[in-house]
Amino acid sequence: MELELRHLRVICRVAETGSISKAAASLQVSQPSLTAQVRRIEALIGGELFQRDIRGVTATPLGQHVVGRARALLADLDDLINTSSKYLSAASPLRLGSVSTVTFASWLSRLEQELTGREIRTQVDTSVGLLTDLLAADVLDIAMLLLVGEAYAPPCPPGVQEQKMVDPEPALILLAADHRLAGQTQVKLAELAEETWIAPPEGRRDGATAAQRAACEAAGFTPNFRYGELGENEVMQLIVAGRGIATCAPTIDPPRGTVVIPLADHGLELRRVLRWRPERVPPEVVATVHTAFTDAYREILATRTPNYPWWESTPNAHPAIHDPL
């Protein structure tokens, strides 16, 4: 076994958190696994890097030396990657991932106009967890994700960067036009305690169901989730028939027989982010992807809001759209 860059990142993360358990959580590994890895790294270097006590870990003099040099090496590596990206062939494909979104066609058209001559390969999926895994595995270069709840969304993998595009994007409620609450300009979560909630598909690992459950329990009830394996068309049919309700974004094109109402208590805020691999996507391309999406988002939103009678009187239901960093 030889000392590798990933070992240096582990040592720096342990030093930054001051805790094996916190470092393990951020690196998405088990605590015993990380403890064993640190011991193997210490054996490679030839001495103890951290002192352990009930309060956590602190770097030994050797550990301070190694962490300092490791941080310098990693900073140089990041700079090497970022400055080398400008030399990548403009013809290399951009591997773009996205959750399913009504803005996709407009977004892709804008991107193809901006990145003339560059092939854009796309992958659309409902699973934020899967798209995050594909980024981590270097199958995707950049992805647009819709995250629900800070505490429940899949974390950004090591080496992948993130910036927000729409945050917050208030969650709305989609229900039948003849529903008892259809005439209201806002609805509180507590008013939905007896409703059937159409759950997101199983296996998505995006935290949506957990975030919805937590928000409802904070409002005093446990939601009744059903129909977890349906497609979008089937979900809409059930809502029109009054068989359930679902959360949605302001950009939704609600089908005939349904209405969209904002939540008064903002218990379910959404955020749209870009995540990308900096060694594959230079900053100027990130900015292009970001701007193309937010321009498409604003365009779609402008076509939806005239159909919302509550829009002008409910500013807390308006999404916050951010420019690129």
Side-chain angles (χ1 to χ4, degrees), residues 4-38 56-57 70-71 74-75 77-78 81 95-101 123-169 171 200-215 247 249 267-281 286 289-290 293 320 322 324-325:
E4 301 175 10
L5 287 172
R6 61 188 178 91
H7 298 144
L8 301 184
R9 295 189 188 280
V10 165
I11 293 168
C12 290
R13 188 62 59 88
V14 172
E16 289 163 4
T17 60
S19 164
I20 292 291
S21 60
K22 290 179 181 178
S26 68
L27 293 169
Q28 301 182 62
V29 299
S30 69
Q31 182 174 340
S33 175
L34 184 60
T35 298
Q37 188 172 12
V38 170
V57 298
R71 285 172 174 163
L74 292 172
L77 176 64
D78 290 341
I81 290 171
R95 301 171 298 175
L96 174 71
S98 176
V99 293
S100 181
T101 172
Q123 178 159 346
V124 177
D125 201 280
T126 60
S127 171
V128 169
L130 174 61
L131 292 171
T132 298
D133 289 346
L134 294 178
L135 275 171
D138 197 18
V139 175
L140 293 176
D141 299 325
I142 189 167
M144 188 281 287
L145 308 178
L146 177 62
L147 306 181
V148 185
E150 185 73 30
Y152 302 98
C156 201
V160 174
Q161 296 184 4
E162 175 183 303
Q163 69 181 22
K164 58 187 177 183
M165 295 192 295
V166 185
D167 180 31
E169 183 181 43
E202 297 292 338
R204 285 172 45 164
R205 295 192 298 107
D206 62 359
T209 301
Q212 288 184 26
R213 181 178 291 108
T247 57
L268 287 169
E269 288 184 346
L270 318 174
R271 56 192 174 100
R272 295 183 189 263
V273 304
L274 272 184
R275 287 180 176 174
W276 71 94
R277 301 184 64 88
E279 75 276 15
R280 298 286 303 177
V281 190
V286 175
V289 175
H290 183 129
F293 177 83
H322 301 272
L325 295 178

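Heads up: numbering here begins at 1 and tracks the sequence. Side chains included, hydrogens not; waters and symmetry mates left out as well; all remaining heavy atoms used.
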State, to 0.1 Å, how close [X] and [Y] come at their nearest heavy-atom pair, and which atoms those are.
{"X": "T132", "Y": "P155", "answer": "CG2-O, 3.8 Å"}
{"X": "V166", "Y": "F293", "answer": "CG2-CE2, 4.3 Å"}
{"X": "L34", "Y": "A24", "answer": "CD2-N, 3.3 Å"}
{"X": "G159", "Y": "P278", "answer": "O-CD, 3.2 Å"}

[X] [atom1] to [Y] [atom2] distance, which is reported to the nearest 0.5 Å:
{"X": "L8", "Y": "L74", "atom1": "CG", "atom2": "CG", "answer": "5.5 Å"}
{"X": "I20", "Y": "S33", "atom1": "CD1", "atom2": "OG", "answer": "11.0 Å"}
{"X": "D133", "Y": "S127", "atom1": "CG", "atom2": "OG", "answer": "7.5 Å"}
{"X": "L131", "Y": "R275", "atom1": "CG", "atom2": "CZ", "answer": "10.0 Å"}
{"X": "R272", "Y": "T101", "atom1": "CZ", "atom2": "OG1", "answer": "4.5 Å"}

Can you list the steps and then say if R95 with I142 is a side-chain contact (heavy atoms from CB on, under 4.5 Å)? CA-CA 7 Å; R95 301 171 298 175; I142 189 167; over 6 Å; no

Tell me, with the steps shown, if E162 and L145 meet side-chain contact (heavy atoms from CB on, under 4.5 Å). CA-CA 10 Å; E162 175 183 303; L145 308 178; over 6 Å; no

Under 3.5 Å, is there a donor-acceptor pair between the side chain of [X] and the main chain of [Y]?
{"X": "D125", "Y": "V99", "value": "no"}
{"X": "H290", "Y": "Q163", "value": "no"}
{"X": "R277", "Y": "L135", "value": "yes"}

Evaluate the side-chain proximity of [Y] to [X]: yes if any heavy-atom separation is below 4.5 Å, no if none is.
{"X": "D141", "Y": "L96", "value": "no"}
{"X": "V14", "Y": "K22", "value": "no"}
{"X": "H322", "Y": "K164", "value": "yes"}
{"X": "E4", "Y": "R9", "value": "no"}
{"X": "M144", "Y": "M165", "value": "yes"}

Polar contact flag, side-chain donor to acceptor under 3.5 angstrom, S21-S19: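 Yes, S19 and S21 have a side-chain donor paired with an acceptor closer than 3.5 Å.
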
